[in-house]
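Below, chain A is the first sequence line, B the second, and so on; all start at residue 1. All values reported here derive from a predicted model rather than from experimental measurement.
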Amino acid sequence: MMRTHYAGSLRGGDAGSIITVCGWVAARRDHGGVVFLDLRDASGILQIVIDPATPAGADSSRIRSEFVLQVTGVVRPRPGGTLNVDLPTGEVEIAADSVVILNESEPPPFPLNDRADGVDESLRLRHRYLDLRRGAMQRNLRLRAGVNRSVRAVMDAENFVEVETPMLIASTPEGARDFVVPSRLHPGEFYALPQSPQLFKQLLMVGGLDRYYQVARCLRDEDLRADRQFEFMQLDVEMSFADAQDVMDVVARAVDAAVVGATGRSIGEVPSITWQDSMERFGTDKPDLRFGMELIDLGGVFASTEFRAFQADAVKGICVTGMGEASRSTVDGLVDRAKSLGAQGLVWMRVRDGGVLEAPVAKFLSADEQAGVVATLGAVTGDLVLIVAGDRRMANEVLGALRLDLGKPPVDFSETDGGPALMRFVWVTDFPLFEKVDASGRPTPAHHPFTMPHPDDLALLDGTAEELLAVRSQAYDLVLNGWELGSGSVRIHRADVQSRIFALLGIDAQEAQERFGFLLDAFKFGAPPHAGFAFGIDRLVALLAGEENIREVIAFPKTQSGSDPLTGAPGPLDPTHLRELGLAMAAKPKK
RNA sequence: GGUCCUGUGGUGCAGUUUGGAGUGCACGCCGCCCUGUCAAGGCGGAGGCCGCGGGUUCAAAUCCCGUCAGGACCGCCA
């Protein structure tokens, strides 16, 4: 046994014990005679005192940062006046009898304490094994493990069966770009890595598993973002003989358990909003409910306006509290931002005393219209009113983006100012079945092609493009503070309905049979009605950790360009390896 | 595919706007001093391809072009 205690576990009550601890040197304070060491292990930091007169003093001048030590000594209360209230172990210290240097260390390339907060991320990733020693990373990974533990406990308790699904599967060109793996035994053929276990979990329902879950790795070859990696983890759930509400209830219990475990606070009742309402009020399908600044329809105010720009499909506005004094360049920046988001322009108005509007376009607006803007938006002196007119979807999305730019609070669940931190979960329901309809009248699915249409809208499936876009699905998203945590739906469980949807999507019978024949076949043998959900573990953990970026909660993440500074991946394959796989480079790669 | 930001001793930054000697700050590192510190303190020292390449100029960390790397975003992400 190399140690008797964890360094961070010792308290005043342990005084008098003779103990052995192991860990890394976090700091060394050499007074010429007595030497203080801060010894760090997974549990925390403990002060070691080395008296030059003891055997432990022999090597003390050699010891440097990140040396690995085994220290034996007696726990003793710190002398009066030298207690450290900032340290959980601050009442005690170890008077070292013996210090064994288990390993030496070069000076670390960056500080491993809080000073590392600003260190270049690629340097941290190149030496991730050092970065992981830092308290912040230790906390994040332990938080992550706790979230996994909590959700598993709920799923287990509710009789869900954990089933693993394959990583090497057939490529399906729908949706995200697949990562592919060449087959050695079948030269010229490829496996794909799963974007999600979607089809398998539906097959598990046909297979009578009744309730399935998996903490599943998903892979998508799409560009990376602060909240997106090639690889990510989902709590994947599927339930037979269940409706949307059953699924949402289970997911809410799993998320609640994770949040309670992490923060001690329940998420409470999760409210719902329809997709339609979310788009109209927040200009997005993942609304951040931590603040207001809702989008207001000004169509009524400008119903018979003379102002050309407002004779549009939709006129919508937001009122930015207290921004009326913003500089012209700031406001011009908002105009540029709106244009870059696809707006024709952005009308802005400063609200002055008495509801007087100061704006370049004021002269084009009647007194009634100006008064209507102020009244409808509830604007007061000092506010800035922003209005976008044009296509309704565009106007909503542009204002939704501006709303976030101007109002989004930082990601932070810590207790601030003694008040409760803000977690605003919301279910977004009644998504449209189709995202858009192309020129030939062919729709693309908003969720995935296995989503059950809303029963009231089935008749619209034979309709015009406009009617197709109005078809609602039985799909639902869980949103937290503007982050899409996950989505789910009631699935199609009948071969005839699934074939009809495939046909609508332009997948003819032969193609459907080739790609998804196994699913359609399975549906011929008594597939139960089923529904499911999947939510992103990385995103939930990041939000619970107060991180803006999921790389901070992933042990070994990729950079934005998809490379790994630690291992050097991706890299070239040697010619022998390529030949074995039946592959040849079509062109000399760049670099 | 696109827009924007960043790149200066091991680390974090200032210096770039308005070209004039690698000039500065903090930390770390090395040496010496120091027996109660808490990211100890004092004194001294070492350490630089100003990401890389090209151009303009008498002169480039600084201006221009290109490129690489990292980041934020748009597209993309059923």
Exceeds 12 heavy-atom contacts within 6.0 angstrom, atom [atom1] of [X]:
{"X": "A/E484", "atom1": "CD", "result": "yes"}
{"X": "A/R64", "atom1": "CZ", "result": "yes"}
{"X": "A/R217", "atom1": "CZ", "result": "no"}

Please check if any side-chain donor atom of [X] sits under 3.5 Å from a side-chain acceptor atom of [Y], or the reverse.
{"X": "A/N140", "Y": "A/E547", "result": "yes"}
{"X": "A/R491", "Y": "A/S489", "result": "yes"}
{"X": "A/T165", "Y": "A/Q214", "result": "yes"}

Side chain of [X] - closest among [options]:
{"X": "A/P52", "options": "B/G70, B/U37, B/U35", "value": "B/U35"}
{"X": "A/V119", "options": "B/G12, B/C73, B/C76", "value": "B/G12"}
{"X": "A/V49", "options": "B/G36, B/G70, B/C29", "value": "B/G36"}
{"X": "A/P109", "options": "B/G10, B/G71, B/C73", "value": "B/G10"}
{"X": "A/F110", "options": "B/C76, B/U37, B/U11", "value": "B/U11"}
{"X": "A/R78", "options": "B/U35, B/U37, B/U11", "value": "B/U37"}

Remember a base hit wins even if backbone is also touched, and classify [X] as base, sugar-phosphate or nothing at under 4.0 Å, heavy atoms.
{"X": "A/R76", "result": "base"}
{"X": "A/A446", "result": "sugar-phosphate"}
{"X": "A/N113", "result": "base"}
{"X": "A/P111", "result": "sugar-phosphate"}
{"X": "A/R551", "result": "sugar-phosphate"}
{"X": "A/T451", "result": "nothing"}
{"X": "A/P449", "result": "base"}
{"X": "A/E435", "result": "nothing"}
{"X": "A/T82", "result": "base"}
{"X": "A/L125", "result": "nothing"}

Nearest-angstrom distance, [atom1] atom, [N] to [M]:
{"N": "B/G31", "M": "B/U18", "atom1": "C1'", "answer": "43 Å"}
{"N": "B/C77", "M": "B/C5", "atom1": "P", "answer": "28 Å"}
{"N": "B/G70", "M": "B/A60", "atom1": "C1'", "answer": "25 Å"}
{"N": "B/G48", "M": "B/A21", "atom1": "C1'", "answer": "15 Å"}
{"N": "B/C13", "M": "B/C76", "atom1": "C1'", "answer": "36 Å"}
{"N": "B/G22", "M": "B/C33", "atom1": "P", "answer": "38 Å"}
{"N": "B/G45", "M": "B/G9", "atom1": "C1'", "answer": "14 Å"}
{"N": "B/G7", "M": "B/G42", "atom1": "P", "answer": "31 Å"}

Whole Å only: how far is the [atom1] atom of [X] from the [atom2] atom of [N]?
{"X": "A/R225", "N": "B/C4", "atom1": "CZ", "atom2": "P", "value": "16 Å"}
{"X": "A/E397", "N": "B/C73", "atom1": "CD", "atom2": "C1'", "value": "16 Å"}
{"X": "A/D223", "N": "B/C74", "atom1": "CG", "atom2": "P", "value": "12 Å"}
{"X": "A/L402", "N": "B/C73", "atom1": "CG", "atom2": "C1'", "value": "14 Å"}
{"X": "A/R126", "N": "B/U11", "atom1": "CZ", "atom2": "P", "value": "9 Å"}
{"X": "A/D117", "N": "B/C13", "atom1": "CG", "atom2": "P", "value": "12 Å"}
{"X": "A/I550", "N": "B/A72", "atom1": "CD1", "atom2": "P", "value": "10 Å"}
{"X": "A/L224", "N": "B/G70", "atom1": "CG", "atom2": "C1'", "value": "13 Å"}

Aromatic plane relationship, A/F431 with A/W275 - under 30° parallel, 30 to 60° tilted, over 60° perpendicular: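 A/W275 vs A/F431 ring planes: tilted.
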Under 3.5 Å for both donor-acceptor distances, Watson-Crick or wobble: does [N] have a partner, and if so which one?
{"N": "B/G41", "value": "B/C33"}
{"N": "B/A26", "value": "B/U11"}
{"N": "B/G66", "value": "B/C52"}
{"N": "B/A72", "value": "B/U3"}
{"N": "B/A59", "value": "none"}

Any [X] side-chain nitrogen or oxygen under 4.0 Å from OP1 or OP2 of [N]:
{"X": "A/S561", "N": "B/G71", "result": "no"}
{"X": "A/R64", "N": "B/C30", "result": "yes"}
{"X": "A/S122", "N": "B/A69", "result": "no"}
{"X": "A/R177", "N": "B/G75", "result": "no"}
{"X": "A/N549", "N": "B/A72", "result": "yes"}
{"X": "A/R28", "N": "B/U37", "result": "no"}
{"X": "A/R29", "N": "B/A40", "result": "yes"}

Geometric cation-pi criterion, A/R403 with A/F291: 6.0 Å, 45°: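 Judged by the rule, A/R403 and A/F291 form a cation-pi pair.
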A/H31 ring over B/G41 six-membered base ring, under 5.5 Å and 30°: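 According to the criterion (under 5.5 Å, under 30°), no, A/H31 does not stack.
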Centroid under 5.5 Å and tilt under 30°, A/F36 to B/U37: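 Stacking between A/F36 and B/U37: present.
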A/P107 vs A/P565, nearer the 5' end of RNA chain B by closest nucleotide: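 Result: A/P107.
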Position toward the 5' end of RNA chain B (nearest nucleotide), A/Q560 or A/E93: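 This one resolves to A/E93.
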N/O donor-acceptor pair under 3.5 Å between A/D178 side chain and A/Q195 backbone: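 Looks like no, no N/O pair under 3.5 Å.
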No-H, no-angle donor-acceptor pair, A/R220 side chain to B/C76 base, under 3.5 Å: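 No pair found.
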Candidate pair A/D391 and A/R393, rule salt bridge (Lys or Arg N to Asp or Glu O under 4.0 Å), full reasoning: CA-CA 6 Å; A/D391 172 73; A/R393 181 79 175 261; over 6 Å; no
